[in-house]
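See below for the structure under consideration.
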Protein chains: 2
Amino acid sequence: MTLKDLARELGVSTATVSNAFNRPDQLSPKLRAHILTEARHLGYSGPDARARSLRTGRSRIIAVILAESLTYSLNDAVSSELLSGIAEVLDTRGHTLLLLSGRQNAASVPGASSIADGFIVYGLMPSLKLFSDLPPERPLVAVDFDIEDHATVHVDNEPACYAIARHALRTPTRRPAVINLRLTEQPCNGRIDDDQALLSAERTITRARLAGFQRAFAEAGIDPAEVPMWNIEENTFEVCTPVIEEILDLPEAERPDLLLCMSDRIALTVVTLAEQRGLRIPEDLRLTGFDGIAEGQYRAPRLTTIRQDSTEKGRIAARMILGMEPAESRVMTTEMMIGDTCP
Amino acid sequence: MTLKDLARELGVSTATVSNAFNRPDQLSPKLRAHILTEARHLGYSGPDARARSLRTGRSRIIAVILAESLTYSLNDAVSSELLSGIAEVLDTRGHTLLLLSGRQNAASVPGASSIADGFIVYGLMPSLKLFSDLPPERPLVAVDFDIEDHATVHVDNEPACYAIARHALRTPTRRPAVINLRLTEQPCNGRIDDDQALLSAERTITRARLAGFQRAFAEAGIDPAEVPMWNIEENTFEVCTPVIEEILDLPEAERPDLLLCMSDRIALTVVTLAEQRGLRIPEDLRLTGFDGIAEGQYRAPRLTTIRQDSTEKGRIAARMILGMEPAESRVMTTEMMIGDTCP
DNA sequence: AGGGTGGACTGGAACGATTTAGTTAGCAGC
DNA sequence: GCTGCTAACTAAATCGTTCCAGTCCACCCT
């Protein structure tokens, strides 16, 4: 049952049926009512979205391309908050959300994606071939990374990390350490040696966060090069655990008494594993996080962290895509939250 | 730049270009290579998904229609695990995920949805007009509710709740209580009075869970009608909090010493608020959850709960939609996890 | 009566691909 | 030289809409 069938059945033109569904003002109310009634009666449930999107060039679909697998992204608090902000705005404007992963089968991205009216890309590396395959005329907003000729949304990573490190270093500290998130060029889950290719040129956020920490170290008279660093490959409890166990199980003389973590997930894992070992927080171990996820604030000890509003970040990106606000480069401010883990 | 333009430019037919992209065996490798090279060169990034989906009738998009708002669904551990299972399967088969909410602007659903090749519907009520608007010939799988003529995926709610309640009632209990999730016909966030229209006929899961609890009560010689019940409208910390405060702040003689909760989120909120009040778990208060979310197992006290594998539930639904397994009615088993909150 | 106006409806050309049913050329076999 | 076969390619119909450019008619104004 197509629009054409329906038109023939009713003895009107296809244009009129189309108007009955799309432009009520173009035909008499009586005829319109008749058409809609008959449509329902004959089992026609409105114009086919496929044909419509071909003809109009618009689908009311916005694609979100995520750096990690969908599985990860949906479970991670930060990226699902981002998605939820995006969804919120799209929903109110009658748009829908298509989820794509830029990771494994990136092949499927260009194919499926050309159906979308716009793209929100989260945390990818700008060098990816992927970008050249996206239809160049449709809007694209980059979140948490930089790419030329496109709008971006960020938080003030460097100043925020500087501020929280400065706060942490006000309390005398013997052995500070940093737990990075996806910092190294090559995958590395564990201690970062001197000789490892350190900073991937493209990981702009991670680099900015580390730079903030290091600025505070230098200012406090600590040589940043002397501060031990670990790296975490994926922001999950499971992947964090072995690395953190390695740190906490160091002999007491070597064990850090301050851990600057690049995410709350990492920090929460530290809390869990430290509790299991009977370490007292903050007496034996102080730590800071990043993100300000809800889970970190529900229960004692509440995390000392940088709160970024990922939901709002998503809203902004969505509004930019829909043209509700200028698509420009935007840096959001964050807020330091002093919790119990580093008073 | 369209396929037709490219064909003209190269002096071949559109069919040949189409074959170059879709059926390598239909033309000489040499010509194919030439076409692909030139395509890239001239800025043609493959067949347009809109036109293709119109012509072939397939889009490689599966729509997931969620009962709650997208914002909620993306933040809730259970539904995002479900999504993640779905995404995992779709991803490996080159399909993508379109997220729709069946709630507020249900109007946008039929319009946008006819682009999808199939539908996974989560937790909706089958009476919704929505269903009649979906293209009837495309596959539909219902998750966590029943609808005629369609495949469904479930867990064994009643037996699972019976089992955990039985376990909880083995320890002598003076004042058991139940905290339901979305049980009442009319929205109600708080104590359920006798005169409230109790069981929405359509909320099959919730009803099944309560039935399981009540069977165990009866068996333990407790009149189910005497057990006080509360109701929670939305499975979030914020919405749970006032109700749980109401319960925990009852005079000690009235305060329940066993709380059977219909979700881990509710149970976790109880843990948080009980800790704040200095109540000892399980000495002063025992409680059980439902879902088995990761957050409930990380930190002490670990929840005593029913673990359902929502990720696997999603995988099954996705496989059914893609025809990788028979689309029939399926009941998954759950596992009781004895944690610290009700040993 | 003639001209102008505007509302209601229609015809048919796109939109950009896929696919069926060919056509053509080359070559082997007899 | 004819037939038959295959590989390589093409012409044209088709998918289900939308929307531009009209047509038609009733009505009003002068």
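In what follows, chains carry the letters A, B, and so on, assigned in the order in which the sequence lines appear, proteins first and then strands, with residues in each chain numbered from 1. Worth knowing before you read on, the calculation uses all heavy atoms, side chains too, and leaves out hydrogens, waters and symmetry mates.
Nearest nucleotide to the side chain of A:L27, out of C:dT19, C:dG12, C:dC9: C:dC9. Minimum atom distance to the side chain of A:L54 is reached by C:dC15, of the listed C:dC15, C:dT10, C:dT18. In the set C:dG11, C:dA8, D:dT18, C:dA8 carries the atom at the smallest distance from any side-chain atom of A:S28. Relative to the side chain of B:V12, the nucleotides D:dT10, C:dT19, C:dA17 differ in distance, and D:dT10 lies closest. Relative to the side chain of A:S18, the nucleotides D:dT18, D:dC19, C:dT19 differ in distance, and D:dT18 lies closest. Closest approach to the A:T14 side chain among D:dA8, D:dG16, D:dC19 is made by D:dC19 (side chain taken as heavy atoms from C-beta onward). Among C:dG16, D:dG16, D:dC9, the nucleotide with an atom closest to any side-chain atom of A:R55 is D:dG16.
Among the protein residues, A:R58 comes within range of no part of the nucleic acid, since none of its heavy atoms lies under 4.0 Å from any strand. Among the protein residues, B:R23 comes within range of the sugar-phosphate backbone only, with heavy atoms under 4.0 Å from sugar or phosphate atoms but none that close to a base. Across all strands shown, A:T16 has heavy atoms under 4.0 Å from base atoms, whether or not it also approaches the sugar-phosphate. Across all strands, B:Y44 comes closer than 4.0 Å only to sugar-phosphate atoms, never to a base (heavy-atom distances).
Between B:R319 and B:E88, no side-chain nitrogen of the basic residue sits less than 4.0 Å from a carboxylate oxygen of the acidic one, so the salt-bridge criterion is not met.
Computed from coordinates, the A:N19 CG to C:dA8 P distance equals 12 Å when rounded to whole Å. Atoms CG (B:D48) and C1' (D:dC15) sit 14 Å apart, rounded to a whole Å. The distance between atom CZ of B:R32 and atom C1' of D:dA7, rounded to the nearest whole Å, is 17 Å. Spacing between atom CD1 of A:I115 and atom P of D:dC15 amounts to 19 Å, rounded to whole angstrom units. If you measure from atom CD of A:Q26 to atom C1' of C:dG6, you get 12 Å, rounded to the nearest angstrom. With rounding to whole Å, A:L31 atom CG is found 17 Å from D:dC25 atom P. A straight line from CZ of A:R8 to C1' of C:dC9 spans 19 Å, rounded to a whole angstrom. Straight-line distance from the NZ atom of A:K30 to the P atom of C:dG7: 19 Å, rounded to whole Å.
Checking B:L140, B:L98, B:L99, B:L134 one by one against B:I65, the side chain to side chain contact (heavy atoms under 4.5 Å, CB included) holds for a single residue, B:L134.
Between A:R40 and B:D133 the shortest side-chain heavy-atom distance falls below 4.5 Å.
Heavy-atom nearest nucleotides on DNA chain C were determined for A:A15 and for A:P29, and the one closer to the 5' end corresponds to A:P29. Ranked by how close their nearest DNA chain D nucleotide is to the 5' end, B:A51 and B:G11 are led by B:G11.
Look at B:T2 and you won't find any side-chain N or O under 4.0 angstrom from OP1 or OP2 of C:dG16. Between B:N22 and C:dT18, a side-chain N or O to OP1/OP2 separation shorter than 4.0 Å is present. OP1 and OP2 of D:dG16 both lie 4.0 Å or more from every side-chain N or O belonging to A:R50.
A distance-only check finds a donor-acceptor pair linking the side chain of A:R50 to the backbone of B:G57 [under 3.5 Å]. Between the side chain of A:D5 and the main chain of A:T2, a donor-acceptor pair closer than 3.5 Å is present.
A:E328 CD: more than 12 foreign heavy atoms inside a 6.0 Å radius.
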